[in-house]
Amino acid sequence: MENTEKKTNFITNAIDHDIANKVYKNDRVHTRFPPEPNGYLHIGHAKASLLNYRIAQEYNGKFNLRFDDTNPIKEDMEYVKSIKEDLTWLGIDWEDRLFFASSYFEKMADYAVELIKKGLAFVDDLTADEMREYRGNLNEPGKESPYRSRNIQENLDLFLQMKAGKLPEGSRVLRAKIDMTSPNMNMRDPTIYRILHTKHHATDAEWFIFPMYDYAHPIEDAIEGITHSLCTLEFEDHRPFYDWVLSNLDNFQEEAPRQIEFAKLNLTNTIVGKRYLKQLVDEQIVDGWDDPRLATLSGLRRRGYTPEAIQAFCEAIGTAKTNSTVDIAMLEHFIRDDLKFKAPRLMVVLDPLKITITNYPEEQIEWVDLPLNQEDPEIGEYSTPFSREIFVERSDFLETPPKKFYRLFPGNEVRLRGAYFVTCNEVIKDADGKIIELKCTYDPATRSGSGFAERKVKGTIHWVDANLSKKVEIHLYDHLIVDDDGLTKDNFLDRINPNSLKIIEAYAEPEVMKAKAFDKFQFIRNGFFSVDSKYSTLEAPVFNQIVSLKSSWKPGK
RNA sequence: AGGGGUAUGGCCAAGUUGGUAAGGCACAAGAUUUUGAUUCUUGCAUGCGUAGGUUCGAGUCCUGCUACCCCUGCCA
């Protein structure tokens, strides 16, 4: 099953084209992932970082991790740490190429001086409000700032004063001198430096001016020798300025990086986007950035997702320029697909109904052997206790079953997985009519593995010993957003599913108690579960439901 | 005097120089099954936003429409 076809997309096509035209020496390809350290990474960042990383791998190129830390007001070292952890977990290796935009601040300031000397940048005294007025709007051209004609020497003096911290915050900016009548708003003399008297988290030197993204990014890319600078669609309009910066700086006349834009990832039934994620965290609607309901990488990890599943998902969704929303069922498919062979399969009863096996000797306990995963004998076996009193899933019994119901009902015989056939004889109810117990009989001849073949049974159900099973806490999840028809950035808080988390107490066979944080299991017929890293202890385990199992059972079909 | 993008089945998405619509998810049917899971088999676009045109032949070329997304931070 070898897939010799490499997955192509418009970006690999562009790179192939550049290689064919010898745009970069030695067919080199160099990409980068440039997160701003102002929040945690989410599944959309997984798509972007993996895209850059994979392309570097496929073309025998290099990949850099670069923190785009040009705004000290929003950024923090806490995020640098989490981002590195998440990327490492995802399987991304930047080797020794970890960079910070802030380490290029001195060079960037020098390049700004170069632009000033070339008459391509000027210091503007307009206030932010005035600048907005002068900018014009989508339908009307802007007006040139009265300070635009300042002479080069004055611009230089002023810029150096800004840099030295001698001018108050917000009092002036450095702007590129391009064209106030451009239909592209980004070319109407964009700001390239602002004065900020905020301590930067990563620089030793004291800085009072900070470069804007549009100015800094092309320089960062060029300094690092990036060939293909991949970013999201909203930066398409910024590309002319990206190219303007590089084409006007003497150092970057050869092998300038090329910006290529692709569509962001959107997922149904959830919200992706740092700003919205932050809101959910800040307003404590969720339990932190790593809440298992969030599509953050730390949340997915805590939930029990594996890097392999996320990698496979990101490859499957492809890369294009079409705005799209991927069905979350696709993500769920890939975690099932990854875990089905490698996760041990154990029995846990989520909603217990007691069964007394009336013809089974009192006090007797026998241990039955089961494979940890019958698809892969290598994973091994374990034993589980069986006795006169067991729990089965309440939903596996129906007093009046619909057609084709293969589970328990009065008079019906089913297999207890790994143990015996049992037949339901009697239903015990409490005063309110609620079923509280079933009386069954078992057939000793039907023990699993005995080779019994006289009768067949349609259904096999899971169970645990009533006395030897352990109580465990289980967190069941539903999609964070159930109905995303008409979902917008403004109404998403109203769409949060109030039942996205349900905490229940379940009964687990003893083997389950060996689990450690992040261990993953299939709880037979119930889904995949992972040990919660935040609340679980050895004495009181807590499991997160990663995803349910698929089911084609529909009553009445 | 607006500009920049995108339109291929329910959801993603391939479609090199025009040659007769990959694949995945979802869904449906059947087989196997000590998980109604897995696995296996089968089905699922006379049509590529729309109307014309060029051509022996158009998702691919041309023209005109339409819909949706992005842009008026001293955010990234």
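Both backbone and side-chain heavy atoms feed into the values below; hydrogens, waters and symmetry mates do not. Residue numbers start from 1 in every chain, and the chains themselves are labelled A, B, ... in the order their sequence lines are given, proteins ahead of strands. Predicted model, so just to flag it, every value in this text is computed and none were measured.
For the pair A:F334 CZ and B:C25 P, the interatomic distance rounds to 6 Å; values are reported in whole Å. Rounded to an integer number of Å, the gap from A:M347 CE to B:A37 C1' is 15 Å. In this structure, A:F313 places its CZ atom 13 Å from P of B:C25, rounding to the nearest Å. Between the OH atom of A:Y406 and the C1' atom of B:A37 there is a distance of 15 Å, rounded to whole Å. Here the P atom of nucleotide B:A26 and the CD atom of A:E332 are 9 Å apart, to the nearest Å.
By the side-chain contact (heavy atoms from CB on, under 4.5 Å) test, A:E315 pairs with A:R54, sequence neighbours left out.
In summary, A:E261 and A:R239 engage in a salt bridge, as defined by a charged side-chain N under 4.0 Å from a carboxylate O. Ion pairing between a basic and an acidic side chain is recognised when a charged N comes within 4.0 Å of a carboxylate O; A:D125 and A:R150 show such pairing. By the 4.0 Å N-to-carboxylate-O rule, A:R66 lies close enough to A:E224 to be salt-bridged with it.
At a threshold of 4.0 angstrom between heavy atoms, the contacts of A:G418 include nucleobase atoms, whether or not backbone atoms are also involved. Within the 4.0 angstrom heavy-atom criterion, no nucleotide atom of any strand lies near A:H462. Nucleic acid contact class of A:F405 (heavy atoms, under 4.0 Å, all strands): base.
Between the side chains of A:Y134 and A:D189, no donor N or O sits under 3.5 Å from an acceptor N or O. One side chain, A:E332 or A:H479, offers a donor N or O that lies under 3.5 Å from an acceptor on the other. Looking at A:S395 and A:E393, their side chains never bring a donor and an acceptor atom within 3.5 Å of each other. Defined by atom type and a distance below 3.5 Å, a donor-acceptor pair is missing between the side-chain atoms of A:N155 and A:Y147. Judged by distance alone, the side chains of A:D484 and A:T268 never bring a donor and an acceptor atom under 3.5 Å apart. No hydrogens or angles considered: a donor-acceptor pair under 3.5 Å links the side chains of A:E78 and A:Y40.
Ring planes of A:F105 and A:F210: perpendicular class, angle over 60° (limits at 30 and 60°). In this pair, A:H45 and A:H42 present their aromatic rings tilted. The plane angle is within the 30 to 60° band.
Of all nucleotides listed (B:U38, B:U34, B:G2), B:G2 comes nearest to the side chain of A:N139. Listed candidates were B:U38, B:U34, B:G5. Nearest to the side chain of A:K550 is B:U38.
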Nucleotide-resolved protein contact map, nucleotides 8-22 of chain B, B/S/- at heavy-atom distance under 4.0 Å: ---SSSSS-------
Letter per nucleotide, 5' to 3', of nucleotides 71-76 of chain B [B base touched, S only sugar-phosphate touched, - untouched; heavy atoms, 4.0 Å]: BBSBBB
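Taking atom C1' in both B:U54 and B:U41, the straight-line distance is 45 Å, to the nearest Å. The same atom, C1', is picked in B:C44 and in B:G24; the two are 14 Å apart, to the nearest Å. Spacing of C1' atoms, B:U16 relative to B:G9, comes out at 24 Å, to the nearest Å. Using P as the reference atom, B:U50 and B:A7 are 14 Å apart when rounded to the nearest Å. Taking the P atoms as reference points, B:G59 lies 14 Å from B:A51, given to the whole Å. The C1' atoms of B:G47 and B:U20 are separated by 12 Å, rounded to the nearest whole Å. Taking atom P in both B:A37 and B:G30, the straight-line distance is 13 Å, to the nearest Å. Remark: the separation of the P atoms in B:C27 and B:U38 is 10 Å, to the nearest Å.
For B:A1, there is no paired base (Watson-Crick or G-U wobble, both distances below 3.5 Å). As the counterpart of B:U17, no nucleotide is assigned, since no Watson-Crick or G-U wobble pattern has both distances under 3.5 Å. Across all strands shown, B:U66 is found opposite B:A7 as a Watson-Crick or G-U wobble partner, with both distances under 3.5 Å. Nucleotide B:U39 forms a Watson-Crick or G-U wobble pair with B:A31, both donor-acceptor distances falling under 3.5 Å. With a 3.5 Å ceiling on both atom-pair distances, B:A76 lacks any Watson-Crick or G-U wobble partner.
Contact check, A:R525 against B:G36: a side-chain N or O comes under 4.0 Å of OP1 or OP2. For B:A37, one of the phosphate oxygens OP1 or OP2 lies less than 4.0 angstrom from a side-chain nitrogen or oxygen of A:S552. Under 4.0 angstrom from either OP1 or OP2 of B:U34 there lies no side-chain N or O belonging to A:K456.
Side chain A:R239 to base B:G4: no donor-acceptor pair is found below 3.5 Å.
B:G73 adopts a syn glycosidic conformation, its chi angle falling within 90° of 0.
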